[in-house]
Amino acid sequence: QVQLVESGGGLVQAGGSLRLSCAASGRTSSTNGMGWFRQAPGKEREFVAAISWRYGSTYYADSVKGRFTISRDNAKNTVYLQMNNLKPEDTAVYYCAAGLLGYSSNYYNSQFYNYWGQGTQVAVSS
């Protein structure tokens, strides 16, 4: 089992920044990548960004490219999501996830992630 704990959410004005963290523990060797997803009220969960543990390959949703940056600290088993120039439409609960993801295309699909955190709320006011 892998346990994931997110932190760093909060309320920020449009144009502001937040950094989310996701600390992984347990059998992290059973995973090779981590991702961030988000779910806004009344909407389906959507992919935000992902990163591979070994090579640091990164993947982004078009809606966040150029504004969000995902990074990892392998020594700490922690993944970060730096969110800049936040917009009201970024308001959502953000979830960290981990899995044995295989193909690059799998990183975008929530079905390939086996472990999920409890979520952290991000609210962006206009």
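Only heavy atoms go into these numbers, but all of them, side chains included; no hydrogens, no water, no symmetry mates.
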Residues Thr31 and Ala98: closest non-hydrogen pair is CG2-CB, 4.0 Å
Original post:
Any side-chain heavy-atom pair from Val122 and Arg38 closer than 4.5 angstrom?
Top reply: no
Here the gap from Cys96 atom SG to Glu6 atom CD, rounded to the nearest 0.5 Å, amounts to 5.5 Å
Tightest non-hydrogen contact, residues Arg27 and Ser30, listed as O-OG, 2.6 Å
Rounded to the nearest 0.5 angstrom, the SG-CZ distance for Cys22 and Arg72 is 14.5 Å
Taking the side chain as C-beta and beyond, is there a heavy-atom pair between Gln1 and Tyr115 under 4.5 Å?
yes
Within a strict 4.5 Å, meaning less than it, do heavy atoms of the Trp36 and Val79 side chains meet? yes
**Validation row: Leu86, Val12 side chains within 4.5 angstrom (heavy atoms)** = yes
Trp116 ring center within less than 6.0 Å of Phe37 ring center:
yes
- Query: Quick one: does Leu4's side chain get under 4.5 Å of Met34's, heavy atoms only?
  - Reply: yes
Checklist entry - How about Tyr59 and Tyr108: are their ring centroids closer than 6.0 Å? => result yes
(message) Is the shortest side-chain heavy-atom distance between Phe68 and Asp90 below 4.5 Å?
(response) yes
When Thr120, Leu18, Val48 are each screened for side chain to side chain contact (heavy atoms under 4.5 Å, CB included) with Leu81, the one that passes is Val48
Original post:
Given the rule that I, L, V, M, F, W and Y join up when any side-chain heavy atoms are under 4.5 Å apart, are Tyr107 and Ile70 in one cluster?
Top reply: no
Side chains of Tyr95 and Gln118, heavy atoms from C-beta outward: is any pair under 4.5 Å? no
query: Is there a donor-acceptor pair closer than 3.5 Å between any side-chain N or O of Ser52 and the backbone N or O of Ser57?
result: yes
Interatomic distance, CD@Glu46 vs OG@Ser110, rounded to 0.5 Å, equals 11.0 Å
To the nearest 0.5 Å, atom CD of Gln3 lies from atom OG1 of Thr28 at 10.0 Å
To the nearest 0.5 Å, atom NZ of Lys76 lies from atom OG of Ser25 at 15.5 Å
On a heavy-atom basis, the closest approach of Asn84 and Ser17 is OD1-OG, 2.9 Å
Side chain proximity check, Ser71 to Gln82, heavy atoms < 4.5 angstrom = no
dist Leu20:CG -> Tyr94:OH (nearest 0.5 Å) comes out at 7.5 Å
Quiz question: by atom type and distance under 3.5 Å, do the side chains of Asp73 and Thr78 form a donor-acceptor pair?
no
Handout entry: Thr91 side chain vs Pro88 backbone, donor-acceptor pair below 3.5 Å
Key = yes
Quiz prompt | Any donor-acceptor pair under 3.5 Å from Gln121 side chain to Ala92 backbone | solution = yes
### Query
Should Leu101 and Tyr60 be counted in the same cluster of Ile, Leu, Val, Met, Phe, Trp and Tyr side chains packed under 4.5 Å apart?
no
